[in-house]
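A, B, ... follow the sequence lines: proteins, then strands. Residue 1 opens every chain.
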There are 2 protein chains.
Amino acid sequence: MKNKHGSKRALTRNQSLVFEALRKAKNPVGAYELLDQLREHGLRAPLQIYRTLDQLIELKIVHRLESLNAWTLCCDAEHDSTPVFAICNDCGIVTECFDENISSNIQKISKRSGFVADRSVIEIHGRCDQCETSQG
Amino acid sequence: MKNKHGSKRALTRNQSLVFEALRKAKNPVGAYELLDQLREHGLRAPLQIYRTLDQLIELKIVHRLESLNAWTLCCDAEHDSTPVFAICNDCGIVTECFDENISSNIQKISKRSGFVADRSVIEIHGRCDQCETSQG
DNA sequence: ATAGGTATTGTTATATTATAACGATTCTAT
DNA sequence: ATAGAATCGTTATAATATAACAATACCTAT
């Protein structure tokens with residue numbers, strides 16, 4: 001099994017467990033919520049979760065949402081560019097999107113001051129289409 | 001005394017204490033670090049700090065950096081638009097900047113999917129000019 | 001100016017999120 | 001098979017944040 005980014009290895013047991021838990025979840029999930037869900041599968045300590053999440057991030061198949069202290073699967077798209085997350089305040093759903101312009105704007109902003117960007121956190125809070133239309 | 005956004009009230013004692021502590025700091029400061037600094041001035045409990053920070057954010061004179069769990073003064077500029085923070089991994093310095101394009105891109109991205117944006121978190125991590133040039 | 005209601009503030013306790021330290025296990029190259 | 005390196009499990013604890021309620025300050029109408 002290869003992951004979508006061409007890494008050779010299959011996921012470890014812990015990685016699969018966490019990955020599947022995230023896949024089943026509709027929304028981003030916190031570390032302790034994952035721990036609760038995975039206790040029955042033998043994960044007992046927070047560090048097991050945190051370490052596994054770090055690994056999945058390293059593999060580029062999971063993202064951390066900084067403003068939620070929660071994690072979510074990466075969308076299917078291969079991307080090296082900065083993802084933009086739209087986070088609904090009402091239903092909590094998070095949509096990952098991309099925008100060439102934003103990426104290049106960030107490059108521009110930072111270059112302007114000699115700053116060399118490394119990683120960007122872009123999280124938009126608001127109301128998703130569905131929540132917006134369904135109940136005013 | 002008016003603040004820069006035209007609010008009528010002077011800052012309360014707690015607000016002034018926290019504001020000054022942030023002003024003196026070179027970099028963003030965490031809540032418990034503020035608490036430690038302000039204990040001698042009578043602030044004893046975390047909530048006193050957290051509440052005051054919320055108030056200062058409400059007044060638009062302080063920002064929270066989500067990816068640092070820390071707070072910093074708002075730059076002098078009046079702005080309603082989304083600030084972009086450039087955060088140096090080395091020296092920790094944070095620069096607040098603006099970019100019309102980013103703001104409008106975010107509008108576009110979100111509108112594209114019917115999302116109504118509310119507040120945006122944009123935090124770029126990397127290396128500042130000074131750190132970049134000074135030690136390769 | 002004062003009583004009665006409303007807001008804010010202080011305090012205690014506790015919840016939530018994350019990491020340090022170290023021993024046990026597994027992996028890898030010989 | 002075995003030594004060294006890397007990973008993993010476990011215990012303990014650190015760091016960050018909030019709930020609940022009592023005490024105080026503050027309006028506002030009289």
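Residue order along DNA chain C, read from the 5' end via each residue's closest nucleotide, puts B:Gly42 first among B:Gly42 and A:Ala31. Looking at which nucleotide of DNA chain D each of A:Thr12 and B:Pro46 is closest to, the 5′-most match is held by A:Thr12. Of the two residues contacting DNA chain C, namely B:Asn69 and B:Gln55, the nearest-nucleotide position lying further toward the 5' end is that of B:Gln55.
One finds the CD1 atom of B:Ile124 at 4.5 Å from the CD1 atom of A:Ile106 (value rounded to the nearest 0.5 Å).
Pairing each heavy atom of A:Tyr32 with each of A:Pro46, the nearest pair is OH-CG, 3.3 Å.
Using a 4.0 Å cut-off, some side-chain N or O of B:Asn14 falls inside it from OP1 or OP2 of C:dG10. Side-chain N/O atoms of B:Arg51 include none lying less than 4.0 angstrom from OP1 or OP2 on D:dA19. OP1 or OP2 of D:dG9 sits under 4.0 Å from a side-chain N or O of A:Gln48.
Applying the Watson-Crick and G-U wobble criteria (two distances, each under 3.5 Å), D:dA6 pairs with C:dT25. In a base pair of the Watson-Crick type (N1 to N3 plus N6-O4 or O6-N4) or a G-U wobble (N1-O2 and O6-N3), with each distance short of 3.5 Å, D:dA14 is matched with C:dT17.
B:Leu68 places its CG atom 16 Å from the P atom of D:dA15, with the value rounded to the nearest Å. To the nearest angstrom, C1' of D:dG9 lies 14 Å from CZ of A:Arg39. Taking atom CZ of B:Arg44 as the reference point, atom P of C:dT11 lies 4 Å away to the nearest angstrom. As rounded to whole Å, 10 Å separates atom C1' of C:dT9 from atom CG of B:Leu47.
D:dA6: glycosidic angle beyond 90° from 0, hence anti.
Remark: the backbone N or O of A:Glu66 is paired with a side-chain donor or acceptor of A:Glu123 at under 3.5 angstrom. Distance alone, capped at 3.5 Å, is enough to place a donor-acceptor pair between the B:Glu96 side chain and the B:Cys75 backbone.
For B:Tyr32 and D:dA14, a side-chain-to-base donor-acceptor distance below 3.5 Å is absent, hydrogens and geometry of angles not being considered.
Proximity of A:Val62 to A:Thr72: side-chain heavy atoms (C-beta onward) are nowhere separated by under 4.5 Å.
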